[in-house]
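Scroll down for the structure; my scribbles are underneath it.
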Amino acid sequence: MKPVPFSHNIADTLQLASKALNTDGSKIIAGGQSIGPMLNLRLVRPTTLIGVTRLEELQKIHITGDTLSIGAAVTHARIEDGIDGVDLPPMMRHVARSIAYRAVRNKGTLGGSLAHADPAADWVTTMTALGAQLVIRDARGKSRREPMASFMRGAYRTGLQQDECITAVEMPVAMGQALWGYDKICRKVGEFADAIGAIVIHPDLKYARVVVGATEDAPLLLPDMAREIARTATAPSLGDIDSTLATYLPGASRVKRQLLKTALSRAIAKVIPS
């Protein structure tokens, strides 16, 4: 199948890109690794695609004060390679190098993945675990920030309005020193995950977060488990993980719960060996 007819415009400025989103049927395209297949399957039928990958503002990675900012059009490969002279959290570089294949990482973008909001994507879980905030801009040039933990409302649903786009992802520079564990289970290398487990702990910041991803919905935060791990420095038993998942995901099958339990226990073991 082929896409419906559409026009492809390259935005000269971020403001023009945002304004163009006010037009019915307009969508942003960055790396095209998500929207491309959806176009071919006619799951999306835009009249206009607005290219933003040439916008310098969306390509920057920089530190201001104690905040790390990563432009929305930064590719997975740039994060993987770490070639911008800015120390990125090791967790991000680890996750980036496990996304799909190098050809996909060369084109796919951080902001595009978050805006697409596939439950099985790596970045939606990773950014939730790292406590990231998204910088979002509208057609009037006004910016707002929204925590990743509340941005994704469900499978392929986000807090973005029609005329809004993600411009950057921010997090504390200190996350580069956080303790972390990340594990995902795929049927084969390069595929989307069937289960993701993530944990980030930063004692100095009194920060602890445990997240389960690829749940067919938004990433699942487990705050009680995170607090208990931070308090006791002890990993929960497999039985405790299973009962917690059963409480939060009552509709999940036994197979799905087993996969999630395995991924999360492996992630936790990387921070707190048994």
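We number each residue from 1, following the sequence as shown.
The closest side-chain heavy-atom distance from Gln59 to Arg78 is below 4.5 Å. No side-chain heavy atom of Ile201 sits under 4.5 Å from any side-chain heavy atom of Trp180. Residues Arg227 and Asp224 have side chains in contact (heavy-atom distance under 4.5 Å, counting atoms from C-beta outward). For the pair Met152/Thr128, no side-chain contact is recorded, criterion being any heavy-atom separation below 4.5 Å from C-beta on. Between Met92 and Ile70, the closest side-chain pair of non-hydrogen atoms falls below 4.5 Å. Between Leu130 and Met148, the closest side-chain pair of non-hydrogen atoms is not below 4.5 Å. Lys107 places none of its side-chain heavy atoms less than 4.5 Å from the side chain of Thr53. At a threshold of 4.5 Å between non-hydrogen side-chain atoms, the residues Thr48 and Ser7 count as touching.
Residues Val124 and Ile136 share a hydrophobic cluster, clusters being chains of Ile/Leu/Val/Met/Phe/Trp/Tyr side chains in contact below 4.5 Å. Residues Leu160 and Val44 are members of separate hydrophobic clusters, defined by side-chain heavy-atom contacts under 4.5 angstrom among Ile, Leu, Val, Met, Phe, Trp and Tyr. A single hydrophobic cluster is seen to contain both Leu134 and Ile61, as judged by linkage of ILVMFWY side chains at heavy-atom distances under 4.5 Å, directly or through other members. Ile29 and Leu58 sit in two unconnected hydrophobic clusters of ILVMFWY residues. Membership requires side-chain heavy atoms under 4.5 Å apart, directly or through other members. By the rule that hydrophobic residues join a cluster once side-chain heavy atoms approach within less than 4.5 Å of another member, Leu41 and Phe192 end up as members of separate clusters.
Remark: the backbone N or O of Ala178 is not paired with any side-chain donor or acceptor of Tyr207 at under 3.5 angstrom. Checking side-chain atoms of Lys256 against main-chain N and O of Asp194 turns up a donor-acceptor pair under 3.5 Å. Although no hydrogens or angles enter the test, the distance criterion places a donor-acceptor pair under 3.5 Å between the side chain of Arg153 and the main chain of Ser150. The backbone N or O of Thr262 lies less than 3.5 Å from a partner atom in the side chain of Ser265, making a donor-acceptor pair. Thr109 contributes no side-chain N or O that, together with a main-chain N or O of Ala30, makes up a donor-acceptor pair within less than 3.5 Å.
The two atoms that bring Gly111 and Ile166 nearest to each other are O-CD1, 3.8 Å, heavy atoms only. Nearest heavy atoms, Ala267 versus Tyr182: CB-N, 3.9 Å. Minimum heavy-atom separation, Ala149 to Leu221: CB-CD1, 3.9 Å. Taking each heavy atom of Gly32 and Pro37 in turn, the nearest pair found is O-CD, 4.0 Å. Residues Asp183 and Ala263 share a closest heavy-atom pair of CB-O, 3.4 Å. Of all the heavy atoms in Ile28 and Ile35, the pair that sits closest is O-CD1, 4.1 Å.
Atom CZ of Arg137 sits about 13.0 Å away from atom NZ of Lys142, to the nearest 0.5 Å. Within the model, atoms CG of Asp138 and CG of Leu21 stand 10.5 Å from one another, a figure rounded to the nearest 0.5 Å. Rounded to the nearest 0.5 Å, atoms NZ (Lys270) and CD1 (Ile268) are 11.5 Å apart. To the nearest 0.5 Å, atoms CD1 (Ile185) and CZ (Arg266) are separated by 5.0 Å. If you take OG1 on Thr244 and CG on Leu249, they are separated by 10.5 Å, rounding to the nearest 0.5 Å. To the nearest 0.5 Å, the span separating NE2 on His76 from CD on Gln33 amounts to 7.5 Å.
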Inset, instruction - Go through the steps for Thr64 and Ser69 under the test side-chain contact (heavy atoms from CB on, under 4.5 Å), then give the verdict. - result: CA-CA 8 Å; Thr64 303; Ser69 177; 5.9 Å; no
Legend entry - side-chain contact (heavy atoms from CB on, under 4.5 Å) evaluation trace for Cys165 with Val52: CA-CA 10 Å; Cys165 64; Val52 297; over 6 Å; no
Inset, instruction - Could you go through the side-chain contact (heavy atoms from CB on, under 4.5 Å) check for Arg54 and Ile10 one step at a time? - result: CA-CA 8 Å; Arg54 296 182 186 177; Ile10 305 298; 3.9 Å; yes
Inset, instruction - Under the side-chain contact (heavy atoms from CB on, under 4.5 Å) rule, what do Thr75 and Asn106 come out as? Steps first, then yes or no, please. - result: CA-CA 6 Å; Thr75 63; Asn106 284 337; over 6 Å; no
Inset, instruction - Show the numbers, then the answer: is there a salt bridge (charged side-chain N to carboxylate O under 4.0 Å, His left out) between Asp81 and Arg102? - result: CA-CA 11 Å; Asp81 295 342; Arg102 182 67 187 198; 2.8 Å; yes
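Residue-environment remark: CD (Glu216) stays at or below the threshold of 12 foreign heavy atoms within 6.0 Å.
Of the listed residues (Ile199, Val210, Asp240), just one forms a side-chain contact (heavy atoms from CB on, under 4.5 Å) with Met225, and that residue is Val210.
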